[in-house]
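Take a look at the structure set out below.
The sequence lines fix the lettering, A, B, ..., with proteins before strands; numbering per chain opens at 1.
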Protein chains: 2
Amino acid sequence: MRLTTKGRFAVTAMIDVAMHGEHGPVTLSAVSERQKISLSYLEQLFGKLRRHGLVESVRGPGGGYNLARAAEAVSVADVILAVDEPIDATQCGGLENCLDDHRCMTHELWSGLNAHIFAYLRSVTLAELVRQQESRARGEPVVMRDQRPPSPRSTEPVTA
Amino acid sequence: MRLTTKGRFAVTAMIDVAMHGEHGPVTLSAVSERQKISLSYLEQLFGKLRRHGLVESVRGPGGGYNLARAAEAVSVADVILAVDEPIDATQCGGLENCLDDHRCMTHELWSGLNAHIFAYLRSVTLAELVRQQESRARGEPVVMRDQRPPSPRSTEPVTA
DNA sequence: GTATAGTTGACTAAATCATTCGGGAATAGT
DNA sequence: ACTATTCCCGAATGATTTAGTCAACTATAC
C-alpha cells in the first residue's frame, strides 16, 4: 500500500467520472481537461482500472468510461491498488524465514502499519468524496466523519 | 502527504529507537543491523528527523539517538512529514487562482483526501505501534482500535 | 467511410529511492 | 595526546517510478 501522486491522480479521475457519469460515458478527454491530467497518462491509468474491474469502457463516438460498480461500493483503496501495484519492501521477501531473536520486526511493522492504513482507505468510498466535493462546490462547510478520538499529540505546526 | 517506503523506513527506525532507548542513546549501526536498513541511508533520514526536532543526538562513544519527545507525542504523520518533504501536485501551484467553472476541483480533491489521510496518520502514535509490536512479540493477538464502522464495500480480494 | 474514442506498446526526461563512498567533527576512555 | 566511536555532511550512483509523448490499432455511431 503505497500512496503517491499516481494513486491520487487515479482517485481524482475516478471522482470526476463518478460526478459526470449520469448522462452516459465520460470521455478521457473531458477528464483530462477538467482535471488537467495528460490524456495519455489517463489512458494508462484507466487501462489498469478497467483490467481491475473498476470501470467499464464504451468504444466509438459517444463512448467513454463508466463506473463498473456504484460509487458507494468503490473505496479509495480499490483505486490505489489498481494503479499502484503493491511492492514488497520487507527485506525477507514476504517470507517468514527471517527469524533472529525478534522474527523480522521490519516485516511485522510493515504489515502492521500497512493494515492500519489499508483499513482506513478501504473505509473511504468514492461516493463520500463525491458528496464532499459537491458540498464544497456549494460553499457548505465540509464535515469529516469519524476522526479517531483525540489523544496526546505533538505540537508541531500542521503543514501537510 | 506521500506514503512511500522512505517514510516507512523512517517510521520503522523510529519505533526501533523508541523500543531500545531505555538504556541510553541508540546507535544507527544497531538500528541498521536490526532493521536491515543501510547505515548511510539511516544517517540521511535521522539528519532530517533531528532537524525537525523529533530526535536528539549524542556524539562520541556511547552516543546515538534519543526520541526528543515521548513516544505518545509523536505521530506517524510527524515522522513522514520530516523525511518526505511534501510536494505540491495541484496544477494550480497551491494558489486559488485557477477558477474556471468549478474552481480547480483537482485542488479541492487533493487537499480533501490529503486532509483525510493526514488526520488519520496524525492519530496514530509511535507509542501505539510500539505497544502493538511488543504484543506481537509475546504472541498476543493484535487488537486494532477504532476502525471506522463498516459500510457497503467492494468484493475485491484483499491483497495489500 | 469517416470521425470518435478506447487499446496497446514503445519510448523518454525528470524525479525519487536507496545505497555507497569519502571525508569531517565531537567526545569518552586510556 | 591518541584512538575508537559515533554523529554529521555532501557528492555520486544505479534502479525504479513518474508523468508524459508518440504512433498504430480496433470498435462503433452516424
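- For B:Tyr65, the listed nucleotide lying nearest its side chain is D:dC8; candidates were C:dT8, D:dT17, D:dC8.
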Check nucleotides 26-28 of chain C against the protein and report each pair of N or O atoms closer than 3.5 Å, with its distance, or say if there are none.
| residue | atom | partner | partner atom | Å |
| --- | --- | --- | --- | --- |
| C:dA26 | O4' | B:Arg59 | NH1 | 2.5 |

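- With sequence neighbours excluded, the residues satisfying side-chain contact (heavy atoms from CB on, under 4.5 Å) with B:Glu43 are B:Leu28, B:Leu39, B:Ser40.
- Backbone-only contact: B:Val26 has heavy atoms under 4.0 Å from sugar-phosphate atoms and none from a base.
- B:Phe46 comes within contact range of no nucleotide atom at all, as no heavy-atom separation falls under 4.0 Å.
- Among D:dA11, C:dG6, D:dT18, the nucleotide with an atom closest to any side-chain atom of A:Leu28 is C:dG6.
- Of all heavy-atom pairs spanning B:Val26 and B:Val17, the tightest one is CG2-O, 3.9 Å.
- For the pair B:Leu39 CG and D:dG10 C1', the computed distance is 15 Å after rounding to whole Å.
- For A:Arg50, the side-chain atoms get nearest to C:dT7 when compared with the rest of D:dC8, C:dT7, D:dT18.
- In this view, A:Ala82 and A:Leu49, A:His52, A:Leu54 satisfy the side-chain contact (heavy atoms from CB on, under 4.5 Å) rule, not counting sequence neighbours.
- Rounded to an integer number of Å, the gap from B:Leu45 CG to D:dC7 C1' is 14 Å.
- Of all nucleotides listed (D:dG20, D:dC7, D:dC9), D:dG20 comes nearest to the side chain of A:Ile37.
- B:Arg8 places its CZ atom 10 Å from the P atom of C:dA18, with the value rounded to the nearest Å.
- Taking B:Lys48 as the reference, B:Glu85 meet the salt bridge (charged side-chain N to carboxylate O under 4.0 Å, His left out) condition, with sequence neighbours excluded.
- Side-chain proximity of B:Ser38 to C:dT19, D:dT18, D:dC22: nearest is C:dT19.
- Of the listed nucleotides (D:dC7, C:dG6, D:dG20), C:dG6 has the atom at the smallest distance from the side chain of A:Ser57.
- Put simply, the side chain of B:Glu43 and the base of D:dC7 share no donor and acceptor less than 3.5 Å apart.
- Between C:dC21, C:dA5, D:dT6, one nucleotide has an atom nearer to the side chain of B:Ser40 than all others, and that is C:dC21.
- Partners of B:Ala68 by side-chain contact (heavy atoms from CB on, under 4.5 Å), not counting sequence neighbours, listed by chain and number: B:Glu56.
- Distance, B:Glu33 CD to D:dT6 C1': 14 Å, rounded to whole Å.
- Every residue two or more places apart in sequence or in another chain that forms a side-chain contact (heavy atoms from CB on, under 4.5 Å) with B:Ala127 is listed here: B:Ala71, B:Glu72, B:Thr125, B:Arg131.
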